[in-house]
Structure formats: C-alpha cells, structure tokens
Amino acid sequence: MVIKMVTIIPEIIKESIFNIVKNGERTDGRAFDEYREISLEIGFINKAEGSARVKIGNTQIVVGAKPQIGTPFPDTPNVGVLMTNSELLPMASPTFESGPPDDRSVELSRVTDRCMRESKVIDLEKLAIIPGEKVWMIFLDLHIIDYDGNLFDAAVLGSMAALMNTHIPETSCEGDEVVIDYEKMIPLPIQDKALMCTFAKIGGEIVIDPSLEEEDVLDARISIGMKEDGTICAMQKGGSKPITKDDVMKAINISKDKTKELMEHLK
Amino acid sequence: MVIKMVTIIPEIIKESIFNIVKNGERTDGRAFDEYREISLEIGFINKAEGSARVKIGNTQIVVGAKPQIGTPFPDTPNVGVLMTNSELLPMASPTFESGPPDDRSVELSRVTDRCMRESKVIDLEKLAIIPGEKVWMIFLDLHIIDYDGNLFDAAVLGSMAALMNTHIPETSCEGDEVVIDYEKMIPLPIQDKALMCTFAKIGGEIVIDPSLEEEDVLDARISIGMKEDGTICAMQKGGSKPITKDDVMKAINISKDKTKELMEHLK
Amino acid sequence: MVIKMVTIIPEIIKESIFNIVKNGERTDGRAFDEYREISLEIGFINKAEGSARVKIGNTQIVVGAKPQIGTPFPDTPNVGVLMTNSELLPMASPTFESGPPDDRSVELSRVTDRCMRESKVIDLEKLAIIPGEKVWMIFLDLHIIDYDGNLFDAAVLGSMAALMNTHIPETSCEGDEVVIDYEKMIPLPIQDKALMCTFAKIGGEIVIDPSLEEEDVLDARISIGMKEDGTICAMQKGGSKPITKDDVMKAINISKDKTKELMEHLK
Amino acid sequence: MITIITNTNINTGTEAGERADGRASNELRPLKIEAGVLKRADGSAYLELGGNKILVAVYGPRELHVRRIMQPNRAVLRCRYNMAPFSVDDRKRPGPDRRSVEISKITSEALTPVVFLEKFPRSTIDVFIEILQADGGTRCAGITAASVALADAGVPMKDMIVSCAAGKANEKIVLDLSEWEDKEGEADVPIAMMPRTGEITLLQSDGNLTPEEFEKALDLAVEGCKKISEEQKKAIIARYGD
Amino acid sequence: MITIITNTNINTGTEAGERADGRASNELRPLKIEAGVLKRADGSAYLELGGNKILVAVYGPRELHVRRIMQPNRAVLRCRYNMAPFSVDDRKRPGPDRRSVEISKITSEALTPVVFLEKFPRSTIDVFIEILQADGGTRCAGITAASVALADAGVPMKDMIVSCAAGKANEKIVLDLSEWEDKEGEADVPIAMMPRTGEITLLQSDGNLTPEEFEKALDLAVEGCKKISEEQKKAIIARYGD
Amino acid sequence: MITIITNTNINTGTEAGERADGRASNELRPLKIEAGVLKRADGSAYLELGGNKILVAVYGPRELHVRRIMQPNRAVLRCRYNMAPFSVDDRKRPGPDRRSVEISKITSEALTPVVFLEKFPRSTIDVFIEILQADGGTRCAGITAASVALADAGVPMKDMIVSCAAGKANEKIVLDLSEWEDKEGEADVPIAMMPRTGEITLLQSDGNLTPEEFEKALDLAVEGCKKISEEQKKAIIARYGD
C-alpha cells in the first residue's frame, strides 16, 4: 500500500493564495509564465563521470552520472541502459524521512527517466560493448538537497546537463578481449535534448514553476516533457483535483517557448 | 519474532457454534464430512504455462505455474526445482495486510509444497536440462483472492490442477548447445496425484472443510495430505489446543474417501 | 537515521556507583585493573571449522568461523577475505530486539573486524586459491547469548580463539582444475595475535572490563586493540562524555600488561 | 554452451496503418465488467479487456490505524496496484516494484476527485487492484474496474471515473493499445476522466507526439472513455437493477 | 576451470534394517538437559541431543508494547526459532528464512496449550530458541528445551510439553531420526505432547507413510516423548530440588 | 573473454618521507567552510577539504514522534552520515551500509557532549551529513561541518566540536590523510575534540602504531583541530558577524 503524506494547509492560507492568483498575481511577484531564478553548475562533482548542480529558486538538486559495465536486458541485448534513481533526502525538507524511496520519489525518478528515455536523448545502441553480453549502464542519481517546490523541472534540467557532461572510457574489442581505455574518455552519444515544464492549476489559473507554497495548495499539477523541436516526449498529471483539456493545451503552448528558454542554460 | 494476529471472537458466538456441532449439525447445514461446493476452472490464466482457479465455498484461489530455467541446488544437481509461494492478498480479507508473507502465508505455501513434493507428483529428475548446470524451475504462485476458511485444501487442489495443466517447451542438447523449442510444448511429467483434507476440532467433534466461521472458533486443525493410493504424504496440525491420537486416526480414515471424491475434480 | 536505545538509569544509582569508584573500589569488589573471571572453550561447535565459547563474568559469546569459497574484491584480487558479523540476540538481554543488526551490533562487529584485520592476524594472501578468481572467505559469526557488559573484549578474545582453532581444506591446482581436499584439513595461516582491553571512565577514574552495571552509568568508554608485541592495532572511543589524552595514555599503558594476561587464555 | 530459444508465435505488426488485431483505430478490445464478485470485500469488480483479467476489491470506509497519515477532516483513499507473478510472460517477483508504486499513486489521484471523502473523517477507503493477467493498458483497466468496485461498496461518489488510453502505433493514432502496440508503438496516452463533466483526473504521455497528434490522441481516449462508461453502468445495473 | 571436492567421511547407511549409528529402532540419541544457564534471561535451558546443541531463553511475562497483537484477556506466547550461521555445514545467512518462520509458528502453537496465559492479560511471554549446532530433529529438541526454560522462568503451566520425532528410514520405523536419517529417510513425524494426558500439541508428517506405518511412528514418538519427559524433570530437579 | 582496464592516472606515492601531494607533515589540505547554505533546514553548512564536498543540514530541536527513543528529561541528538552514490569512484548503492551506520553512531557521540540537550526534553535534534564527494577523512570533515550547521541552527552548545585525523603514511606521522594516504598508509587516527578544554569526544585508531607513534599522531591531530576550529569560527562570523 503506497501512502501519500499530506501536509495540512490551513484553509485560510489556501484561500489567500487563490485570491492573489485570481487577481493575476503570484505571492512572490512572478508572472504566471515566469520561472524563478535558475542556476546550473556543470561538473560539480569531479568524481562523477558527469554531474550538475541545479537550482530553481531555492530548490536544489545535485545530479551525478556514473557509467558501469553491466549485462543488457534480455529483450534489448544490443542496447545500453539508463537507470534513474532519486533520493528525497531528509536534509531537504522537514517532511522527508530516511528510508527507501516513497511514492513521490519513485514518481520523480520515473518521470525524469521517461523524459530522458522516450526522447532518445542518448543513443543507447552506441553503449553496447559486446552485443548481447556487456553494455554500459548509466546510473543517474538525483540527490534532492533543498526542496522549495517544482522538483520535476529541476530534476530533468539537472539530468540533461549531467548527461551532456558525462564522459565514458573508450572500449574496443580485440579478438576475445575487451579493452576499456580510461585514458581516452569520450562524451556520451547525445543525440537530442529534452526538458520539462511543470504547471500548477491554482484558483482556476495555470502558473508555471510552482513554488512550495503554491504546490501545497494547488488543485492539479501538469508536467510537459518537450524536445528541442517542440515534440512532446512525456507528460504527467498530479494532484487530487481534475484539469480540463483546455488547461493541458494551454500548458503545452506555453511549454513551447519556455522549453527554448530553459535550453539556453545547457549552452 | 513471528506473531499471529488473533481475531477476537466473542465467547458467546464460540459457544453457540460449539453447541450446534455437539447436536451433530453445522451452522451452514453441512454434514461433518461434507465439503462446501467446489469449482475448478483449469487454464484460467492463458499467460501462465499452467493455471487454475479453485473455489471451495466462497474461498477462492488463483494458482499459476511458470517454468523458468535455473541452476539446480548443489546437493541435487540433476533434479528440477518446484518453488511454491503464496500471497494472502489484502483483497481477500479485512485482516490480511500488505507486505512480506506473514507466518500464516509461509505455513500455507510450505505445507502445499511438502504435499506436492513428498508425494513426488512431478518427476523432477525429468526437469534437468543439462545435469548439474541447468534445470527447469517451476514457480507455483498461490494468489489468495477471497478468504472464507480452509485455504489448505483449496491451495493443494488448485496447485495439483495447475501442475497437471502445465506445459513446458521441449529441450534438446546438440553438442554444446541447448535448444529450447517453444513451439513444442509438452506437459509436465506428472507421475502421481496428491490432495489434502483439512479437519477442525470443534466442541469435541471432527468436521471437514471448516468455514471461516468455524476456523475462528476451532480448538485444533489437522490437515491430511494423501495420494491416490491412500498413502499419507503430509500432515500438519494447527490451532492452540491439543488433539488426540483418536482424532488423528479418524481424520485419516475420512480422508481416504474424501481424497477420492476430490480427485474427481481433476478429471 | 541510526538511533541508540538509551536505558534510563536513575540518577541515584549512577551517583552511588560513582562514589564507590571514587573510593577506589568497584561494586563487585574488583580492582580497577582486574578482569572478571574468564573462561574459553575452544572447538565448542563441531560443525564449524573453527569455534570458541567465551565467558567474561556472565557475558557469554559463541563464535563460529566458517570458510567458504568466493570471489576476491576487485582491488585485492590475490587476497582472501575475513567477514565479521555479530548478532545481539534478543535472548541475551531484555533490551535487545529481533531484526537486522542495530548500530551497537554493527560497531561491535566492525571494531572486532578491524582489530583482527589491521593486526594481520591471518596471512590473507595465503587464502588465495586461484589468484584473481577464487579465494577463501572466512565468515566469523559472533553469537551474543548473554550480555552482562564488555562485549568488545569478549568478542575479540573469542574471535582470536576461533580463528586459531579454524581448519580449512587443502587446495591445489592441477592444470585448469582446483582440487579441494576435505580429508586434509590445515590450520588457518595465523601470523600474529591481537586482543582488546576495554576501559570505562566512571567518576573520573579508568576501570577495566566494565560490567553491565558500570556500562550503564559510564561517562566514556575506550577500547585498545593490541598485538602481542605491544603495538596498537585498533582503538575505539564510545560514550556520550569526553575523555582526556591522559585517560587514553593510561589505558594504553594498562593494556600492555593486560593483553599479555589475556594472551595466556589462548595457549 | 549456448541456449537457443526458437521463436514463439507472437501476433506481430501488419501493413502500414492496419492494426495487428484487425481493429479499427477507434475500436476497443472486447470488454466485460462484472460487479460484486468477492464475498469478503465490501465491494468488488472483475474486468476483462482483451486479454486483461483484473480483479478489484474495496474495503471501507473503515477505521484508519496508521496515525501518521490520518486526516482529521476526511478519509484517505489508498490504492494498491499489484501484478500477480503469473500475469506476465516472464514471472514477476512478488511485491511492489517502482512501476506499481507509481501506478498506485496516480490511480489514487485519479479516483480521489469524485469520492466524498469529507464524509468520513479519520478513516480510510482501500482499493486493491490485482492484475491477474496483463495484456496492455492495465492501469486504465484497473481504474475503470476500481470505480465499479467503489460503487459496489456503496462509497458515495459524484461521478464514476472511467479510464482508457489512446496512442500512436504503426504511425497512426489509435484507441486502446494492445500489449504489442504499447511495446512496439510510438506513444501511449492513458487518461482517466469524469464522464459527466469531461474533466481529466489522470493524464500521462509516454513517447513522442507532436502537440497536434497529442490532441488527437486525447480526443480519441475521451471517446473511448465514454464507451467504457456505458459498460460500467451496465455492470452496476446488472447487479443492483436500475 | 573445474572445482573438485574430495569426499569427506559422512557416516552413511548400512545394511537393511540397521541404523547408521547402530541405535535400536526405539533408541534415543544421548540426551543432556540443563536448566538455568543464562544470567539475563528470566528462564533458560541448554539441551544436547546427539550433535544438537540448543539454547533457550525465556523472558516474561512482561509488558507488551506492540498494541496490534495485544490480547485484552490473556498473554501472548511468542516463539523465535533461530539457527546460528555456524550451526550447519554450509553457513546459514543470519535472519529468519521461511523454514524458521514456520517452525516458530508451530512451536508457539505446541507450547500454548499448557501455559496459563489468561493469568497475564495484555502481556507477552517470549521464548527464544537458538540452534547453536544442528544435527537433525532441532524443532523437537527446541520445544523440549523451551519447556524446561519456561519452567525455569516460573511460568505457570499445567504440564510440561515434550517433543520427539519418529519416522521411516531404511524401510524401518525408527525413533529420533538423525540428521542423515532425516535427509535420506522416507518420512519424518515430529510430535509434541502433554505427557500427563497424552494429548498432542504438535503433529507434522513429511514423507510417504501408509496409515498403518503412520500409526506405528506416532506410537513410537509418544514412547520417545515419555523418556525425554523424565530427563526434563531431572533437569528441573537438578536446579531446584524436588 | 577478458576485460582489460588500462590504468588511469592516480596520484601515487613519492620518495620516502615526502607526501604524494607535496604537503608538509603538519599541513592541512585546502579548507573552505560556509554556513547557512540551505533554505529549508534550520541550520546548514557546506565544507570543502581537499576534494571532499560535504553538506550538513540540522533540523530541530523538534518534536520527536518515535516514542521508543524519547527521553523524558532531554533531547536526543540523531546523526545520519550518508554518501551520495556518485561521491566515490565506484558508484555506491543508495542507503545505509555498515560503515555509515558506525560513523553515524560515533558522530552522534562526538557531538553530544557539547549540546545542552537537557534544555529540550522529549525532542530531537537531527543532523544530516551528506558526502557529495569523498576524498579521505569524510567522517572528520562531516563532524566539523555538523558543528557549524548546529551553530547556524542556533542550537545552544558549550563549545564547537572540531574534528581531524592524523596518521602514519609512507613511514611518517602526518596530518589530515588524503584518500590515497588513508588507503595505502599504515594507520589513521581520527579524533574530535572540544577546542576550549582539549577534551576528546571521538577517537579511533585503525592500523598499527607503537604507543609512541600513537601519541605523536594524537598530538598532531589536536594541532590540526585547532587550525580547523579557527575556520569554523570564521564561517559563523561570515554569516552572522561577530
């Protein structure tokens, strides 16, 4: 049985935030389609073959990528593997607890993983070492260290940056031998880019990049994973109230511009 | 520390059921040696290589058998493996909880397993593929979906039916190669049949196939695993009160006829 | 999050024990540098390739050593492995609980392990069977069955005795084959001996071999692992109050004599 | 030693634009829903959709013993999506994996909007979804069946949630993807909705779609939901009458 | 690379009808029971039977902190059967496996009938059985030792449960199967009983027996129990006097 | 099939007596401490020492929900030392291992003596130490950073614990062992102390040292602690002023 810890927000706070939004404003003064300040520090962890520290407002995630040689899945024997894992560290929020990943953490890593995988960001076929026997597995670990809302967009941005930063040793086969050359590090075969824009439905309006304050009172959440060319590669609705088709199409529309804006951070 | 959740039954209910039994009757009108209605649907799960849905009264179990290639145990290198697992799903009773198998679930699967294994229902030696290296492992999963008493007899009946329904691909060795041919499915090498009859001791009497109502008040439980020829292959006493030798011998005697009756369902 | 169950000791008991110590005495009449009675029964478990039962006062531990063939660690391919594990059995104390090892148990096994390993008691290089592929792994299991204080010294003494008692089968390589000869059992390659002396700081004094009564009220604990030649091979401070450098040097000094005394039990 | 496995007959793809199982692009697989199939549960439902065989039990509203998640002013709706070990081709190890944890979470969020939880403070409504046989689209089928089980349990709801997926397979936008279309296809868009208002309570998208394709898939999924909604009602009527 | 293991000397079978260790068919292995062997436990016992070395500690009746299993009108008797990693030829991984979970359950059921649990509402009596060395028949030996430990702890009981197995090995019904007979033999029938009334509190049968053979094994096990019961009493007398 | 891995450039040892990274025997690696780096935590600190990158968050004093460990007359100080999967060369599996369980325990014992726990009965102070990048000496660096985070959280303390290791590497007693010295060296002596009184709150020794060498290492570690203590103070001043 998976259980969601629900923070109880006094009705009065909820109502006040709703009213502000209905007046076309947000509690922190942002426009409905405005992100908080974003910073991205690439290569933050030297010991990781790829890494990034991302901040969206006060939300902060460290992402590390580590390649490891492993066995391919039986149904995709010639294809490398991307494994995404996230930890909502108890350090990041008074409501996070130690222990195995809860359902929020699982959702975060699975949505991030789908966004990276469905968009075919990495050419996984190039990660085969000996087809059917040995492939590169890329472990992507999301370390959530400060939680102030909108983990999805930060996780995807940090993951994309870490993967673009990742280098793996060159491998070659000589007869029966595989040579793995740690002196020749080559970048991951990145073939596309995808990012995610998350919206909150609050007081009937759709606002981008919800802060924690907004997340606590939102009716619904919708996240749009999008590639550079505007193709949708992932989508995830959350929250305990419904949304309409109009909400979704509006969010998609805004994402087209915002994804381009976010892509600038990767340059 | 293994713990048994004990349902607290008001003394008055217990007494009333005892009195009915002492008068030679049962709460649902059955004779002491009468089973509830039994139904058996063989091949219920097409995706499983063998399956059955069994109902005894309202008790309902889905059993699925799946073969898998594995490594034999070091002390029996030329013999296949039967693995029996049961889940008392929280769906089946308000007193069952999610999580790893508790002691009731472990007892159920171990008794079922012993009953199938000791009676040598399957000729496990025929499940060797490459002696010492690769054998067929048959995973038998008991999915308890509705719990209204007497899980043992339902579990063994369903397991026997599922195993008799199971087909595995033909294997052949050609030099160093093993060929597993999924186009030629052959039945499991069934060489005997065993079933189980469970009795409750209530109010000094021995009654077969206890309903949940009877299980909740019984003094002791005795299950007799028996082969077609009347040989005892397994036995398990339960409950927190003692039984006598006479009780046991009486239960064995009744089982001889009842096992034959139950065997009819397998035809 | 690792949590320490703290037994609450009434202040009055603590004060009384402190006063006794300040008067130069101990509650059980021992001198500050006096161990309780020690007994060591070597080879207590015939099924284990090495074993010992050790008692220090009423504290009682059974140690068993079992060799197993395994794969060496990648960074030490030609070296055998010593694995130390301890269980604070719920049998040993009303405050111990069933379940995975808690932090006290982990500390005990890790300190014992370091004491054996850093002192190079076993010549682990002689435990390689096929360098890089197969080595002997020695599993040392500490079974704590009665807890009356000072587990560390008992654990190290019992471990040392069990290792000295351990015999493993002779192995030889013939071409591609490894022959393991269970008819020729040879002792482990013991090349040094190490033991541990533990002290409690109580009422400003340093006393050796604290009983449970003393452990419950101690300010700090310091354990000195020492080899036969007086070299320090391990040290571990415990307790929630500080100690001084003088305390430590005093404990080291006493350990020199006491280690020799303890070594007598190994003869 | 090499293990060779000869190929089994999987119903594979066909010519461009056609569906492997011959369905029209807006056609559902054969659907069967039955309410009230278990004795012990407060409510239950059994659903078959193509090769999917799904059983749902509902317990509650009942007392909640886990204080940590208790809500003082409403009930908690908890869902557990679980696959039987024998429900898939390769035996699934018992117990929750990451996929089922996520599906349990979004299933709970999909059903929550219609249940009058505030009527039952400090209690829980537990929904147990068992996938006895999986054939693509189990999460949607599970939600559809769960609604019927909730109704069978007499849980007060303002609408009966219905769920269906559309997606892109073989270059075409199609309704209710089969297992094979789900695996080999380009994209999958599972939704759940309130049939009375058309509001969406679950929405995911997995795979690549242009915004235009996505909208088409969404519309198709809504259409599918409406058809399935009729079958849900029939199942309830079959058990309780009009 | 092939690993070859030369055979060790295991005491194997012999001529038909004879037992590998030379015992008569109704002969127990050497037995030793001692009460009161641990300091901290409220009661304890140490038992050797053949190569079995078993230690039991009893704590309680004591307060029960787990509300979920608390009984308002009686104590709960909890048993934990555990094998030391070094108790068997191949090291056993620490922690409970399915076998020990089942044995813990039936051990608790075997001991419960004689303990006056209703004298201690809302509390627990905990029985910890440690198999330090296993040599066949540990579950019975553990129950026998647990009874002595319960008596040593002063837990009020109406009788002292005793346990023993009989079975079929080498085509013959024999008492108290050795490890080798248990493994290679045809059937094993462990029982526990109340010596005063002869009533049975544990009964299992594992392996093939005709009803006649089963009855013979059962009678033999009862005979064995009676002998062991005398040794239990001696252990208590040795500690406390008559 | 053999996998060959060509050697990477590890900065290895040098001539006898010299340190691989050219430091003097009593020289610390470059050190940077910053207080107040996280939004949500009540207190926090970030520390770099050589290649170590360590983040600490403090929550509390706050209500303790786990009754089992609650203290009626004081707060409980709980520490969790955790290594990020990407902090080491070979990815570490998430979750606590035995090493981190032990370090968490001794870290808690190292910090406890200076905190006025008796001011906060029935509550907890939680210290979360995350090793983002490990480069030898993480336990000491974690304790040093934890002190700063505790001060940042306003937790009342009678002194600010500081921690450092000395040891023996390449036959010489040296301060603040690098990862390579730790691994290849002869011994490591991590300590934590109260700088005002010089009292020791953590002390371990791992490896072989004569009593004389040990004393020399201990003195050197104390010297190192004093230098680091100054940096801790600067970090607090940088955030709060004098």
Side-chain angles (χ1 to χ4, degrees), chain B residues 1-6 8 11 74-75 84-86 97 100-111 113-115 117-120 192 194 219-227 229-249 251-253 255-256, chain E residues 66 68-69 71-74 76-81 90 96-114 117 124 126-128 159 161 183 186-189 191-194 197-211 213-215 218-219 222:
Chain B
M1 180 67 58
V2 173
I3 283 159
K4 210 188 142 200
M5 269 291 282
V6 186
I8 300 167
E11 275 306 309
D75 50 343
T84 308
N85 178 61
S86 75
E97 283 173 26
D102 72 353
D103 58 350
R104 289 175 301 181
S105 174
V106 167
E107 186 185 29
L108 176 63
S109 53
R110 280 180 59 86
V111 169
D113 189 74
R114 282 204 291 270
C115 195
R117 203 167 348 184
E118 291 300 332
S119 59
K120 298 189 175 55
D192 209 332
D219 283 333
R221 192 195 69 217
I222 180 84
S223 300
I224 316 285
M226 202 171 262
K227 298 202 297 184
D229 66 358
T231 309
I232 298 163
C233 59
M235 205 177 289
Q236 183 90 344
K237 191 249 170 210
S240 60
K241 294 263 168 65
I243 51 170
T244 64
K245 183 187 160 184
D246 281 355
D247 297 331
V248 179
M249 296 316 293
I252 291 172
N253 244 330
S255 296
K256 285 179 196 165
Chain E
V66 191
R68 206 167 53 85
I69 59 158
Q71 293 295 314
N73 54 349
R74 60 178 188 81
V76 172
L77 179 77
R78 302 189 293 182
C79 293
R80 180 186 188 258
Y81 167 99
D90 292 323
D97 56 9
R98 288 156 55 105
R99 178 178 169 275
S100 63
V101 168
E102 187 197 353
I103 294 180
S104 296
K105 179 179 192 288
I106 60 169
T107 297
S108 166
E109 291 174 343
L111 295 170
T112 291
V114 294
L117 295 171
T124 182
D126 292 325
V127 178
F128 300 107
D159 202 348
I161 295 289
K183 208 185 149 201
E186 290 89 58
D188 184 29
V189 180
I191 74 162
M193 59 180 274
M194 296 157 66
T197 64
E199 287 174 295
I200 296 165
T201 65
L202 174 141
L203 175 61
Q204 295 183 296
S205 181
D206 189 11
N208 292 310
L209 291 173
T210 64
E213 288 171 330
F214 169 78
E215 187 170 6
L218 180 56
D219 289 342
V222 168

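Chain letters run A, B, ... following the sequence lines, proteins first, then strands; residues in each count from 1.
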Completion exercise
Here the gap from Leu209(E) atom CG to Thr231(B) atom OG1, rounded to the nearest 0.5 Å, amounts to 8.5 Å
Practice task
Using a strict cut-off of less than 4.0 Å between a Lys/Arg side-chain nitrogen and an Asp/Glu carboxylate oxygen, indicate whether Glu199(E) and Lys245(B) qualify as a salt bridge.
Solution key: no
Handout entry: Over 12 non-hydrogen atoms of neighbours within 6.0 angstrom of NZ in Lys256(B)
Key = yes
Handout entry: Interatomic distance, Phe214(E) atom CZ to Met249(B) atom CE [nearest 0.5 angstrom]
Key = 6.5 Å
Problem - Heavy-atom pair count under 4.5 Å with chain B, highest-scoring of Val222(E), Ile200(E), Leu202(E) - result: Ile200(E)
Practice task
Give, for atom CD1 of Ile222(B) and atom OG of Ser205(E), the distance between the pair rounded to the nearest 0.5 Å.
Solution key: 9.0 Å
Problem - Ile243(B), part contacting chain E, at a heavy-atom distance under 4.5 Å - result: both
Exercise for the section: Flag the one option from Ala234(B), Ser255(B), Pro242(B) with the top tally of heavy-atom pairs under 4.5 Å to chain E. Expected result: Pro242(B)
Fill in the blank from the handout: Minimal heavy-atom distance between Asn208(E) and Lys227(B), with the atoms involved, is OD1-CE, 3.7 Å
Fill in the blank from the handout: If you tally heavy-atom pairs under 4.5 Å between each of Lys241(B), Glu107(B), Arg110(B) and chain E, the highest tally belongs to Arg110(B)
Problem - Per-residue contact mode, Asp90(E) against chain B (heavy atom under 4.5 angstrom) - result: neither
Exercise for the section: Answer with side chain, backbone, both or neither: which region of Leu218(E) has an atom nearer than 4.5 Å to a non-hydrogen atom of chain B? Expected result: side chain
Handout entry: Under the side-chain contact (heavy atoms from CB on, under 4.5 Å) test, residues paired with Thr210(E) that sit two or more places apart
Key = Glu212(E), Glu213(E)
Handout entry: Pro211(E) portion near chain B, given a 4.5 angstrom heavy-atom threshold
Key = both
Fill in the blank from the handout: Applying a strict 4.5 Å limit to non-hydrogen atoms, the region of Met193(E) in contact with chain B is neither
Exercise for the section: Run the salt-bridge test on Arg221(B) and Glu109(E) with the 4.0 Å N-O cut-off and return the result as yes or no. Expected result: no
Practice task
Find the distance between CD (Glu102(E)) and OG (Ser109(B)) and round it off to the nearest 0.5 Å.
Solution key: 8.5 Å
Exercise for the section: Begin from the C-alpha positions of Asn85(B) and Arg98(E) and carry the test side-chain contact (heavy atoms from CB on, under 4.5 Å) through to its verdict. Expected result: CA-CA 10 Å; Asn85(B) 178 61; Arg98(E) 288 156 55 105; 3.8 Å; yes
Practice task
In sequence, state the C-alpha distance, the side-chain angles, and the governing distance for Gln204(E) and Met235(B), and then conclude on side-chain contact (heavy atoms from CB on, under 4.5 Å).
Solution key: CA-CA 5 Å; Gln204(E) 295 183 296; Met235(B) 205 177 289; 5.8 Å; no
Exercise for the section: Mind jotting down which residue pairs meet the salt bridge (charged side-chain N to carboxylate O under 4.0 Å, His left out) criterion with at least one end in residues 200-211 of chain E? Sequence neighbours excluded, please. Expected result: none
Problem - Proximity breakdown for Ile224(B) and chain E, heavy-atom pairs closer than 4.5 Å - result: neither
